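Note sheet for the following structure.
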Amino acid sequence: MPCRGWRGTLLSMFNPVDSKPDLISLEHQMLARWRAEGTFERLRAQTAGGEPWSFLDGPITANNPMGVHHAWGRTYKDLFQRFRASLGHELRWQQGFDCQGLWVEVNVEKELGLTSKRQIEERGLAEFIRLCKQRVLTYAARQTEQSIRLGMWMDWNDPADLLRLRDALSDAPERELAITGAGGEVRGTPEGLIGQLGSPEVGVSYFTFSDENNDLIWSFLAECNRRGWLYKGSDSMPWCTRCGTGISQHEMTEGYADRDDPSAYFGFPLVDRPGEELLAWTTTPWTIPANVAAAVSPTLSYELVEFEGRKMWIGATRRVAALGGGAPRAKVLETKQGSELVGWRYRATFDAAPAVAAALGPDGAAHRVISWSDVGAEEGTSIVHIAPACGSEDHALCITEGLPMIAPIDEGGTYLEGFNELSGKDWLVVADLIFVALEQSGSLLRREKITHRYPHCWRCATPLAFRLVDEWFISMGATYEKPRAQLSAAEKAGSLRYQIMDVVDNISWLPSFGHDRELDWLRNMSDWMISKKRYWGLALPIYECEGCGAVEVLGSRAELEGRAVAGLDALAGHSPHRPYIDEVRIACAKCGGEVQRVPDVGNPWLDAGIVSLSTMRYRSDPEYWKRWFPADLITESFPGQFRNWFYSLLAMSTVMVGSEPTKTVFGYGLVFAEDGRQMHKSWGNSIEFDEAADRMGADVMRWLFAGSRPEENVHFGWNGADEARRKLLVLWNVYAFHIGYANSAGWRPGGVASPVADRGAMDRWILSRTADLVSTVEGALRNYDAQSAVARLEAAIDELSTWYLRRSRDRFDLSTAEADRNDAFATLHEALLTLLQVAAPIAPMLTDAIYTNLVADGATGSIHLQPWPKARVQGWRDQALEDSMSRVIRAAELGRSVRSAAAIRTRQPLALARVVFGGETPHAELLEILADELNVKRVESVTDASGLFERKVKVLLPKVGKRLGDKLQAVLAAARSGDVELLAGGAVRIVGLEFAPDEIEIQAIPREGGFVAEGGGLVVELETALTPELIAEGDVRELSRAVQDLRKRAGLQIGDPISLYLPESARSLAPYTEQLTQSVGARSIEFGATAGDVADQIELSFGDTAFSFRRSAG
RNA sequence: GGGGGGGUAGCUCAGUUGGUUAGAGCUCCGAGCUUAUAUCUCGGCGGUCCCUGGUUCGAUUCCAGGCCCCCCUACCA
């Protein structure tokens, strides 16, 4: 046995490595080390001045702790950035937080226990807005810490600074304080500093509530107004009564849920046809008091039916459905076309209510039947109850028909005055009262329960009502039927929609269907509703004069300050948010009257959409801007983003600069739980980010995410993490092996080794594979294909461990000649280092931990400061060798398969393997590797193995099937039974039909009972005859293995010497004593003795054999 | 309601320009290898290729109809 490590005590060693690493604590060590050594700052310094690679981070909503779903995107963001930095690019490293909007308000409301807008206003807007800001800072700090834990390298704010700003906002709002800015310490008031977060001076992460962000949005809105695209619209909109705001089309994502509602069949008595009524149906009974019209289809036919003493008009196809079980008793009295009903006047149950009478005249005089082509024959009664304030189509219809409107509820969903007993009641609970009223007036025919998809508020899940509201919109322009290419310049100039589409074409969308989805959204979207009747958000710079109606949109705070005639004092020292900005008045440019800002705040996607301009210093630094715009990449989870961030980014960039904000959009799916369902705490399948980081580790999480298919949803959980960890553990064990043996042999990096070209085939092979790894992964990552990169890396880890190292293990032992051993160490070291560098962007902590020990030069820092290893692998590629080796590997698989089928264990040596390599015979060195792997004395390459096979003629069906038709089965049967006549020139005749050589294939099928396997163009046959020598060698190996196993169980270390005792019956193994002592680390072997203190027995060729050993001294 | 994708082993998914015997990974079982490895190797179990009809010598694949799931989209009463 080699003396272990005796030289290691003289030389500096690698730190010893445990084969079972604690990945979590390793990660914490690396994070601490990066922080202590300023590794990230060194990388930035190193890449400064490089060719820019511009990444634009989509802002994460700073409203809650990060979830594991964020970790997927952040893994991509970080790995592509790290990869680009290793290529030498300069990066901006700016990360962003989304800060404004209803989602923050909702959480603050919850914390305060508030449930309505009135309560917020009573409490005071100033405090509410401050709490919103503070919540954002709280979670920005938290998410910063979590992102750092994930190993994400960005130019982070010190979380402690963010929390100090947060606290100062309420504790000492007037006092100046200092935080660490981009270029050192920056001083200012808390509100002032907060407003400048992300700016060049204060740095570093951007916050969408920043002054610059808000100000640039103002200039965007002013530009839209200048082009005539900004307008105030009046419409009936989905409305959340809890939030007190309209819900825009952008926000309807996931806004639908099943809901049980009462539906009503109810009658409208006709004025001019006494005793007859119209039968209508609705699923929203709360809108019945607001009825103004009944719509019929002009082309459908309607019947007057007599039923239970009533005479009712019903759509002809709806009679049975409307009347339910009693329908057969109904008698049809009369039939009319829908168009004949138009104009009929009718009465309704709530006509006497003051609000209804005020709108419709006494007795609801204005009620009439109108014609509407969209009325269908499949639902209800084909007579549609129309309430213009309660649906956008109803609203449009009533404008065309010149009908009055009744708006029954206020912004909180409460019935207004003038609806008798309904007034003051919530819209969600009035249904019962309405049914009572319908019942009493004799109108109600039937009520049912139905389950239907109904819109809900995406934030608070309250069912949405419809309300008539004034909101502000950006016009998307007309849509045309003709293809886009045929639009005139004027048509395009007037339509933002088509301008954005042209920009979409300039972007590379990954996956490619993103392009079509974005265009589809643009084609179909209606105008962009940008206002919200809320508090925390962009203050819309819209000034509408109450006196003359003139509308002005201001383009900056400076402009506002120039125009202000009152209220500037209130705004001074504050960010442009409510309530302070509301105090400022300007003079109307048209009539001179004093004008107040509209109270609305902006749609939050304005905030995120401006960042390609605001964070890239569009206004403040044109040189910088040109260097970084457009971005090379944005990447976000695509559900929802086509209508949200992607859309707003595109729209705002198109309006402001007329070009694409990014060259590539890389989208990915959603994170689901391992059971394939969405993660829900209440379902017990949810995993928190912190929990995942602490239990599976960030690198494992990153590996799992990076290896997932981006276009599919990823199923995230502990099992998947285990799989990823197993791959990384194999890598770790290659490393542990390397360190263990290098310490033992006293090997150090940079020692003597042969030039690569002079090394053995195994060494040249793994280095060639490594060169391929580098170029394959580089190509994949340049294409944003992390999945392929991970797959290639996993294959590389497998090759390195299970082929290179397993086959080369002996060469690292001290018994191997030093020159060869050094080559082996050098090769393993180079291959491993290169692999680590390629894997570093994906698993940055684990790879750096290994790297720093492996270079045994920890002082020089980090794997992340190394350039992409393209240059190092120059000249390593040897395609011919790789081809040969892959056939050798395949032959080894076939050989193992033969052994398995023949039930000959691998430890039993065999004399010969005959191999048909199906190509050039591999080099003798490779044949030796194969012989060793298969435990055969010799490998013989043969070209003709006809003795092993039967010839079978295979008819190529795709070629001859059509021609043969129904004779096919007979031909196949004959071919199967071998009833085939071989003709000259390779043709054959079967059942009298001739087949050309290219219509058949002559197959070699191994003969039954032969020890043969074939596949992939290779054939392997093993010679299974055993000689006494072979049997004895097999026994020796079997015995060695058993002794080794017992050594391990007895707790002996490698190198602990033993004295081995064998029974007299094993005397036949005496010629192999030397080999045996070598392999089991024995000082001596005695036959016919049982003096050991540890014993076991095994079955050898000559029978059960008991053996024992004792640890011997020294 | 409209548009798109899908239904293949217990699970996650490939694949089939129509062709004789439909694959991989994970799980399970058996065997093998191994003092770097929780690794690895060989094999086995496991299938109505959603259902029905049509075209065809032949359909999991093409066509029609139906059922179910997912995504996008939609204020249909």
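The structure presented is a predicted model; accordingly, all values stated were derived computationally and were not measured. Heavy-atom basis, side chains included; hydrogens, waters and symmetry copies ignored. Chain naming here is simple, since letters A, B, ... match the order of the sequence lines and numbering starts at 1 in each.
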Under a 3.5 Å cut-off for both distances, is [N] Watson-Crick or wobble paired, and to whom?
N: B/C33; answer: none
N: B/C76; answer: none
N: B/U17; answer: none
N: B/C11; answer: B/G25

Round to the nearest Å and state the distance from [X] atom [atom1] to [N] atom [atom2].
X: A/E893; N: B/C33; atom1: CD; atom2: P; result: 18 Å
X: A/I247; N: B/A74; atom1: CD1; atom2: P; result: 14 Å
X: A/Y735; N: B/U37; atom1: OH; atom2: P; result: 16 Å
X: A/H395; N: B/C76; atom1: NE2; atom2: C1'; result: 17 Å
X: A/L728; N: B/A38; atom1: CG; atom2: C1'; result: 13 Å
X: A/L278; N: B/A77; atom1: CG; atom2: C1'; result: 14 Å
X: A/W427; N: B/C75; atom1: CH2; atom2: C1'; result: 12 Å
X: A/M237; N: B/C75; atom1: CE; atom2: P; result: 9 Å

Nucleotide nearest [X] (side chain, heavy atoms from C-beta), chosen from [options]:
X: A/K1048; options: B/U37, B/A36, B/C33; answer: B/U37
X: A/L729; options: B/A77, B/C26, B/A38; answer: B/A38
X: A/S897; options: B/A36, B/G43, B/U35; answer: B/G43
X: A/W521; options: B/C33, B/U73, B/A36; answer: B/U73
X: A/R1041; options: B/A77, B/C40, B/U34; answer: B/U34
X: A/N733; options: B/C72, B/U35, B/A36; answer: B/A36
X: A/T282; options: B/A77, B/U41, B/C71; answer: B/A77
X: A/R726; options: B/U39, B/U35, B/C33; answer: B/U39
X: A/W281; options: B/A77, B/C72, B/A36; answer: B/A77

Under 4.0 Å: is that the gap between some side-chain N or O of [X] and OP1 or OP2 of [N]?
X: A/Y741; N: B/A36; result: yes
X: A/R907; N: B/C33; result: yes
X: A/R1037; N: B/U34; result: yes
X: A/R809; N: B/U35; result: no
X: A/R643; N: B/C72; result: no

Do [X] and [N] have a side chain to base donor-acceptor pair shorter than 3.5 Å?
X: A/R1047; N: B/U35; value: yes
X: A/S801; N: B/A36; value: yes
X: A/R806; N: B/U39; value: no

query: Taking for each residue the nucleotide of RNA chain B with the nearest heavy atom, is it A/A901 or A/L805 whose nucleotide lies nearer the 5' end?
result: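 The residue whose closest nucleotide sits nearer the 5' end is A/L805.
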Roughly how far apart, to the nearest Å, are [N] and [M] at atom [atom1]?
N: B/C33; M: B/G43; atom1: P; value: 16 Å
N: B/A64; M: B/G18; atom1: P; value: 15 Å
N: B/C69; M: B/G30; atom1: P; value: 39 Å
N: B/G44; M: B/C68; atom1: C1'; value: 33 Å
N: B/U61; M: B/U16; atom1: P; value: 14 Å
N: B/G6; M: B/C75; atom1: P; value: 27 Å
N: B/G23; M: B/C49; atom1: P; value: 14 Å
N: B/C11; M: B/G46; atom1: P; value: 16 Å

message: Between A/F737 and A/F812, is the ring pair (Phe, Tyr, Trp, His ring centres under 6.0 Å) condition met? List the steps.
response: CA-CA 10 Å; A/F737 174 94; A/F812 296 89; 5.3 Å; yes
Atom [atom1] of [X] and atom [atom2] of [Y]: how far apart are they, to the nearest 0.5 Å?
X: A/N291; Y: A/Y346; atom1: CG; atom2: OH; result: 3.5 Å
X: A/L464; Y: A/M237; atom1: CG; atom2: CE; result: 10.0 Å
X: A/C240; Y: A/H456; atom1: SG; atom2: NE2; result: 10.5 Å

What nitrogen or oxygen pairs link the protein and nucleotides 4-13 of chain B at under 3.5 Å?
none

Close side-chain approach of [X] to [Y], heavy-atom, < 4.5 Å:
X: A/R1041; Y: A/I1098; result: no
X: A/L300; Y: A/T317; result: no
X: A/W747; Y: A/R821; result: no

field: Residues A/R726, A/D722: salt bridge by 4.0 Å N-O rule
entry: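 Not counted as a salt bridge, because no side-chain N and carboxylate O are separated by less than 4.0 Å.
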field: Test ring pair (Phe, Tyr, Trp, His ring centres under 6.0 Å) applied to A/F642 and A/W521, step by step
entry: CA-CA 7 Å; A/F642 291 101; A/W521 165 252; 9.6 Å; no
- request: Indicate yes or no for a side-chain donor-acceptor contact from A/R467 to the backbone of A/G246 under 3.5 Å, with no hydrogens or angles considered.
  value: no
- request: Is it possible for you to check whether A/R695 lies under 6.0 Å from the centre of the six-membered ring of A/W718, through NZ or CZ, and within 45° of that ring's axis?
  value: yes
